[in-house]
Amino acid sequence: DHITSLLSVKGPGGSELWAGTMRGLAKRLPSGRWQTVFATLGLSDQRILCLQDGLDAQGAPVLWAGTEKGLLRLGREGQTFLTEKEGLPDHRVYSLSRTLDPDGRESIWIGTRGGGIGRLKGGQWTHYREAEGLRNLSVFCFRETRTQDGKRWLWAGTFGGGAFRL
């Protein structure tokens with residue numbers, strides 16, 4: 001199958017490998033076989049474009065998956081599908097990243113095709129577009145860097161607009 005993204009997360013039995021594919025979401029079992037997960041999700045478009053791990057408010061693991069139709073969140077309470085109605089800047093989610101504040105609070109960053117960047121922190125969305133200095137609204141990758149003095153920066157790679165520092 002066509003693999004679009006890979007993610008290794010700590011699971012109950014050790015490391016778990018997840019794959020986003022053009023046919024959905026798959027998980028590698030301890031036996032070495034792959035289990036397809038997408039069939040139970042009811043998505044109209046099964047393509048998974050990007051993956052990111054995170055934590056819920058109680059510290060339990062969450063898996064985020066970006067699709068052409070929105071953002072899928074898989075956690076212990078089940079699945080949630082987010083679109084513009086829930087705060088996404090655009091439904092085409094092409095990149096994901098996770099950052100932690102010095103106090104340990106998590107942010108999930110969403111790069112979209114044409115809608116700019118969304119940041120989910122504490123249940124609230126913040127959008128980054130031209131007014132915030134983004135030169136192109138299609139964001140295809142993120143990378144966090146640290147300076148010698150420990151300051152952290154999140155960079156977003158855009159389609160034709162260069163790199164943008166958040």
Side-chain angles (χ1 to χ4, degrees), residues 3-20 25-30 37 41 43 48-67 69-113 115-134 137-158 161-166:
I3 304 291
T4 58
S5 54
L6 292 169
L7 178 66
S8 178
V9 298
K10 184 178 178 183
S15 184
E16 295 178 348
L17 185 61
W18 291 82
L25 185 61
K27 178 181 174 181
R28 189 169 192 272
L29 301 173
V37 179
L41 302 177
L43 298 177
I48 303 293
L49 303 174
C50 52
L51 296 170
Q52 180 63 55
D53 60 329
L55 300 172
D56 68 14
Q58 290 74 40
V62 172
L63 178 68
W64 298 92
T67 77
K69 304 291 184 186
L71 182 64
L72 177 64
R73 180 187 183 276
L74 297 170
R76 63 180 172 182
E77 64 280 338
Q79 67 191 31
T80 306
F81 197 71
L82 308 172
T83 64
E84 289 101 327
K85 287 191 301 187
E86 290 78 26
L88 288 180
D90 190 88
H91 62 273
R92 297 167 296 181
V93 178
Y94 277 44
S95 57
L96 293 166
S97 187
R98 174 182 182 247
T99 59
L100 295 174
D101 289 345
D103 65 2
R105 290 185 44 165
E106 175 181 87
S107 291
I108 298 295
W109 297 84
I110 293 92
T112 69
R113 182 173 183 176
I117 297 169
R119 178 187 191 188
L120 179 60
K121 180 178 179 181
Q124 300 295 312
W125 286 98
T126 303
H127 295 171
Y128 299 84
R129 296 189 176 108
E130 291 101 338
E132 290 73 33
L134 195 57
L137 296 181
S138 292
V139 177
F140 290 97
C141 59
F142 291 104
R143 178 61 59 189
E144 187 176 33
T145 63
R146 292 179 192 258
T147 62
Q148 287 181 335
D149 62 359
K151 185 165 178 69
R152 297 181 304 177
W153 294 102
L154 184 65
W155 292 85
T158 69
F164 176 70
R165 188 175 75 179
L166 294 150

*Inter-residue atom distance L17.CG - K27.NZ, 0.5 Å rounding*: 11.0 Å
*Look at the side chain of E84 and the backbone N and O of H91, then say whether any donor-acceptor pair between them is shorter than 3.5 Å.*
yes
_By side-chain hydrogen bond (donor to acceptor under 3.5 Å, both in side chains) - contacts of D149 (at least two apart)_ = T147
*Which residue pairs satisfy the salt bridge (charged side-chain N to carboxylate O under 4.0 Å, His left out) criterion with at least one member in residues 115-130, sequence neighbours excluded?*
D101-R119, D101-K121
*Looking at OG of S97 and CD1 of I108, how far apart are the two atoms once the value is rounded to the nearest 0.5 Å?*
8.0 Å
*Under the ring-ring contact (aromatic ring centres under 6.0 Å, His included) rule, collect the residues that match up with F142, sequence neighbours excluded.*
none
*Residues in side-chain hydrogen bond (donor to acceptor under 3.5 Å, both in side chains) with W125, at least two apart?*
none
*Value rounded to 0.5 Å, distance of CH2 in W64 from CG in L120*: 5.0 Å
_Side chains of L71 and L96 in contact at under 4.5 Å (non-hydrogen atoms)_ = yes
*asked:* My understanding is that only residues two or more places apart in sequence, or in another chain, count here; which of them pass salt bridge (charged side-chain N to carboxylate O under 4.0 Å, His left out) with E77?
replied: R73
*Closest heavy-atom contact between W155 and T145?*
NE1-OG1, 3.1 Å
*asked:* Pair L51, L25 - check side chain to side chain contact (heavy atoms under 4.5 Å, CB included), show working.
replied: CA-CA 9 Å; L51 296 170; L25 185 61; 3.7 Å; yes
*asked:* Using 0.5 Å steps for rounding, measure from the CG atom of L55 to the CZ atom of R105.
replied: 13.5 Å
*asked:* So, using salt bridge (charged side-chain N to carboxylate O under 4.0 Å, His left out) as the criterion, who are the partners of R28 when residues are at least two apart?
replied: none
*At their closest point, which heavy atom of I3 faces which heavy atom of A19, and how far apart are they?*
CD1-CB, 4.0 Å
*Could you walk me through whether I110 and L82 pass the side chain to side chain contact (heavy atoms under 4.5 Å, CB included) check?*
CA-CA 12 Å; I110 293 92; L82 308 172; over 6 Å; no
*asked:* Tell me every residue that passes side-chain hydrogen bond (donor to acceptor under 3.5 Å, both in side chains) with W109, counting only those two or more places apart in sequence or in another chain.
replied: T99
*Any chance you could measure L88, atom CG, to K69, atom NZ, to the nearest 0.5 Å?*
14.0 Å
*asked:* Under the salt bridge (charged side-chain N to carboxylate O under 4.0 Å, His left out) definition, can you give me all pairs with a residue in residues 49-67, not counting sequence neighbours?
replied: D56-R76
*asked:* Quick check: do P61 and K10 have side-chain heavy atoms less than 4.5 Å from each other?
replied: no
*Could you tell me which residues satisfy side-chain hydrogen bond (donor to acceptor under 3.5 Å, both in side chains) with R143, sequence neighbours excluded, listed by chain and number?*
none
*Does some side-chain heavy atom of L134 sit less than 4.5 Å from a side-chain heavy atom of V139?*
yes
*Give a yes or no on whether the backbone of I48 and the side-chain of T4 come within a donor-acceptor separation of less than 3.5 Å.*
yes
*Got a second to check how far T126's OG1 is from I117's CD1, nearest 0.5 Å?*
11.5 Å
*Under the side chain to side chain contact (heavy atoms under 4.5 Å, CB included) rule, collect the residues that match up with L49, sequence neighbours excluded.*
E68, Y94
*If you look at every heavy atom in P89 and T112, which pair is closest and at what distance?*
CG-CG2, 3.9 Å
_Non-neighbouring partners of R113 that pass salt bridge (charged side-chain N to carboxylate O under 4.0 Å, His left out), sequence neighbours left out_ = none
*For E86, what residues pass the salt bridge (charged side-chain N to carboxylate O under 4.0 Å, His left out) criterion, not counting sequence neighbours?*
none
*Of all heavy-atom pairs between E132 and F164, which one has the smallest distance, and what is that distance?*
O-CZ, 3.4 Å
*Would the number of heavy atoms belonging to other residues, nucleotides or ligands and lying under 6.0 Å from CD of Q58 be above 12?*
yes
